[in-house]
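Predicted, not measured: the structure shown is a model, and the values here were computed from it. Excluded from the calculations below are hydrogen atoms, water molecules and symmetry mates; all remaining heavy atoms, backbone and side chain alike, are included.
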Amino acid sequence: SIIILLISLLVAIPFGYFFSTPLYEFYEKLNKRVKEELEKNREKEQLLMHQSKLASLGEMLGNIAHQWRHPLTRLSLLIQNLKMAYEMGKCDKVFVDKFNVKALEQINYMSNTIDDFTNFFKKDKEKQNFLLQDVIEDGLKLLESRLKNIEIIKNYQKDIEIFGLKTEFSQVILNILNNAVDVLKEREIRDKKIFIKNSDNFIEIEDNAGG
């Protein structure tokens, strides 16, 4: 029995080494490939995140452009009126004071728009309590210029308090509203409507373009 055991050990050791070496090399290569694929996936994720940020930035700039179009038009008209008043000899102190007040109103509106969008897209670091109705109204305010000629029908059953990341939740609401506006325009719906309602467990946003 001892002789057989010794022979078995003498045979098993080289055979074990012979078979384990390629197996070890196989697992080493496999491990290396897994690490390489994981690194590629990380790079893809970072690229997708970067693209997502660029898309959000582009969307934000587009919304700011919509919000600024009307105040810029008003400023242009005010400047034209100022020039006409000067040429007609009516540009007295009273006229200039009125021009100053109206111009500052438009400039302040544009400045507030920037603040609104900056706060809206600022990333939350901690969860907080916030009111669902406030988030919806903020989103409607930011899209004010896009929502012209669209009837907003709101049915708030109760003011619900949520504990979470407010700005991220707000961005979801804004994206849904933007999508509703887009589909209403793409399908050329005449009587454009967006319905917003909430209950204890859900918020529902619906448009009359089938979305």
Check each of Ile196, Ile194, Ile173 against Leu140 using the side-chain contact (heavy atoms from CB on, under 4.5 Å) test, and report the only one that passes. Ile196
Side chain to side chain contact (heavy atoms under 4.5 Å, CB included) between Ile150 and Val181: does it pass, once the steps are laid out? CA-CA 8 Å; Ile150 298 176; Val181 173; 4.1 Å; yes
Lys40 bridged to Glu43 by N-O distance under 4.0 Å: no
I'd like to know if Lys193 pairs up with Glu206 as an ion pair, taking the criterion as any Lys NZ or Arg NE/NH1/NH2 lying under 4.0 Å from an Asp or Glu carboxylate oxygen.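 So Lys193 does not pair with Glu206 through a salt bridge.
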Validation row: Asn129, Ile162 side chains within 4.5 angstrom (heavy atoms):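 No, too far: nothing below the 4.5 Å cut-off.
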For the residue pair Phe169 and Leu132, establish whether any side-chain heavy-atom pair is separated by less than 4.5 Å.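 Yes, close enough: below the 4.5 Å cut-off.
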Side-chain (Asn155) to main-chain (Asn198) donor-acceptor, under 3.5 angstrom: no
Which residues pass the side-chain contact (heavy atoms from CB on, under 4.5 Å) test with Ile114, sequence neighbours left out?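 Checked Ile114 against side-chain contact (heavy atoms from CB on, under 4.5 Å); matches are Ile64, Trp68, Thr118.
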Those residues at least two apart in sequence (or on a different chain) that pass side-chain hydrogen bond (donor to acceptor under 3.5 Å, both in side chains) with Lys44 are none
Under a 4.5 Å side-chain heavy-atom rule over Ile, Leu, Val, Met, Phe, Trp and Tyr, are Ile79 and Tyr86 clustered together?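 Different clusters: Ile79 never reaches Tyr86 through Ile, Leu, Val, Met, Phe, Trp or Tyr contacts under 4.5 Å.
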Say whether Ile153 and Val135 are linked into one hydrophobic cluster, either directly or through other cluster members, by side-chain heavy-atom distances under 4.5 angstrom. no
Does the pair Leu147 and Ile152 meet the rule for a side chain to side chain contact (heavy atoms under 4.5 Å, CB included), with working shown? CA-CA 8 Å; Leu147 294 171; Ile152 308 297; 4.0 Å; yes
Solution key, residues 94-111 side-chain donor-acceptor pairs under 3.5 Å, sequence neighbours excluded:
{"from": "Asp97", "atom 1": "OD2", "to": "Lys93", "atom 2": "NZ", "distance (Å)": "3.0"}
{"from": "Gln106", "atom 1": "OE1", "to": "Arg74", "atom 2": "NH1", "distance (Å)": "3.3"}
{"from": "Asn108", "atom 1": "ND2", "to": "Leu104", "atom 2": "O", "distance (Å)": "3.1"}

Show the nearest heavy-atom pair for residues Leu174 and Gly139, with the distance to one decimal.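 Between these two residues, the closest heavy atoms are CD1-O, 3.9 Å.
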So, for Ile136 and Ile203, which heavy atoms are closest and what is the spacing to 0.1 Å?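 Closest heavy-atom pair between Ile136 and Ile203: CD1-CD1, 3.3 Å.
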From [atom1] ([X]) to [atom2] ([Y]), nearest 0.5 Å:
{"X": "Gln128", "Y": "Lys166", "atom1": "CD", "atom2": "NZ", "result": "6.0 Å"}
{"X": "Glu161", "Y": "Asp134", "atom1": "CD", "atom2": "CG", "result": "10.0 Å"}
{"X": "Phe195", "Y": "Ile205", "atom1": "CZ", "atom2": "CD1", "result": "13.0 Å"}
{"X": "Leu78", "Y": "Thr73", "atom1": "CG", "atom2": "OG1", "result": "11.0 Å"}
{"X": "Glu168", "Y": "Lys127", "atom1": "CD", "atom2": "NZ", "result": "10.0 Å"}
{"X": "Asn31", "Y": "Glu36", "atom1": "CG", "atom2": "CD", "result": "10.0 Å"}

CD/Glu188: more than 12 non-hydrogen atoms of other groups inside 6.0 Å: no
Identified salt bridge (charged side-chain N to carboxylate O under 4.0 Å, His left out) counterpart of Asp182 within the set Arg146, Arg187, Lys192: Arg146
Check against salt bridge (charged side-chain N to carboxylate O under 4.0 Å, His left out), Arg42 and Glu39: CA-CA 5 Å; Arg42 286 195 197 96; Glu39 186 61 33; 3.2 Å; yes
Going through the checks in order, is the side chain to side chain contact (heavy atoms under 4.5 Å, CB included) test met by Asp138 and Ser170? CA-CA 8 Å; Asp138 288 344; Ser170 301; 5.9 Å; no
Decide if the gap between the ring center of Phe163 and the ring center of Phe130 is smaller than 6.0 angstrom. no
